[in-house]
There are 2 protein chains.
Amino acid sequence: YGSRAIGQSLRYLGLRSLLLQAILAKVPGFINSMKRHILIYGLLGGILITLLKLMEYRFLVIERSVEIYGGLVAALFAALGIWLGLRLTNPKQKVIVREIPVAVGDLFVLNEAKLNELGITRRELEILEWIAKGLSNREIAEKLFVSENTVKTHSSRVFEKLSAKRRTQAVQIGKELGLLP
Amino acid sequence: YGSRAIGQSLRYLGLRSLLLQAILAKVPGFINSMKRHILIYGLLGGILITLLKLMEYRFLVIERSVEIYGGLVAALFAALGIWLGLRLTNPKQKVIVREIPVAVGDLFVLNEAKLNELGITRRELEILEWIAKGLSNREIAEKLFVSENTVKTHSSRVFEKLSAKRRTQAVQIGKELGLLP
DNA sequence: TGAAAAATCACCCGAAAGTATGACGACAAC
DNA sequence: GTTGTCGTCATACTTTCGGGTGATTTTTCA
């Protein structure tokens, strides 16, 4: 009658599993991870119960078997609980966005409007740039392959257009007006 | 002889506690929360065991007591495990540092280290600042109520210390070194 | 209190910077 | 083809700058 009992048990299990499936199908929008966790939990619980049942028959005769049984259950479920707890809290990573003001490297854009407004030519601006870098008229002349007098005329014109009396003042005004970086 | 035994026991406990204290003192930097958790866990475990012992004597006579016992243990330790797991899991808050380029108004801080390194005095720096603003030596002298010669000596010194040949170059170098805004 | 550092001023001289004026060629626009 | 702008260069002149030297006073600091 052993095989009959097994057959009945299987049928019983089959019915149960069908019912379970039907119930689960009725709740489709359930949180997936939660569902999975519960399923795994239930599965492990079932396995554990089975193991315990087996152990029960083995160890029930042994003295203090209840303590061993309880200890095993406690240890297993504690481990399971810890695992579950860790799993459940895993996606709880809080995102803190801390905005740090970064001194952006001053991206210089030439103020061409001001350039045209003052009627400063490209060449004159070029000379002004070299002046701002600290070059003397002679050095600028050598760098641009022109005479020192040419540099002087250009610089004089640029000073006049910037209303500057000195090259240092011209540089200062040029920076203020966005003509120099 | 009862009092003697008690005395010995107390002395023994005293020795033990002293040893324990010494050992604990040697390990001062142990993680506190971990310790607390373990202590709570152990305490609850002890209480639970006591409760179970009591229950054991009450329910052992009842049929299926082992199942009830195991279920209780399982439930309690599962709950405990979940709680522990939640506690143990670090508040996983991820800090995302997002650097946002903010056009921060150039907050100028004087590079005093460079100033001392080059041996530039306050007065010399002051003259350099006025030079950077485009003033002539005469104008600076008038502004500072000193003679033009004084301004010239100061500026000459500053040029020498900055390895500059011209005032424009001195201004440029001064800005590079963080001595001028 | 006494030496070192800093600030002040003066004089000279040469170099650099800046002004004024004129001129010439290239090139684009009208 | 005339006009205007731009870049180039020159001469002459004035102003400013920068180097060098020396000196005096004030401040600072040990």
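In this text, all values refer to a predicted model and were calculated from it rather than measured experimentally.
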*Closer than 4.0 Å, any side-chain N/O of A:Ser156 to the OP1 or OP2 of C:dA20?*
no
*Assign A:Ser136 to base, sugar-phosphate, or nothing according to its heavy-atom contacts below 4.0 angstrom with the strands shown.*
sugar-phosphate
*asked:* Counting only side-chain nitrogens and oxygens, does B:Thr121 get under 4.0 Å of the OP1 or OP2 atom of C:dA5?
replied: no
*Closer than 4.0 Å, any side-chain N/O of A:Arg166 to the OP1 or OP2 of C:dA17?*
no
*Below 4.0 angstrom from OP1 or OP2 of C:dT8, is there any side-chain N or O of B:His154?*
yes
*Answer yes or no: does a side-chain N or O of B:Asn137 lie under 4.0 Å from OP1 or OP2 of D:dT16?*
no
*Which whole-number value in Å describes the distance from A:Lys152 NZ to C:dT19 P?*
10 Å
Is there any protein nitrogen or oxygen under 3.5 Å from a nitrogen or oxygen in nucleotides 22-30 of chain D, and what are the pairs?
none

*Answer with base, sugar-phosphate or nothing: what part of the nucleic acid does B:Thr150 contact at a heavy-atom distance below 4.0 Å?*
base
_Please classify the nucleic acid contact of B:Asn149 as base, sugar-phosphate, or nothing, using heavy-atom distances under 4.0 Å._
base
*Does a side chain donor of either A:Ser147 or A:Thr150 reach within less than 3.5 Å of an acceptor in the other side chain?*
yes
*Of the residues in residues 167-181 of chain B, which ones touch DNA chain D at a heavy-atom distance under 4.0 Å?*
B:Arg167
*Side chain of A:Arg123: nearest nucleotide among C:dA6, D:dA10, D:dG7?*
D:dG7
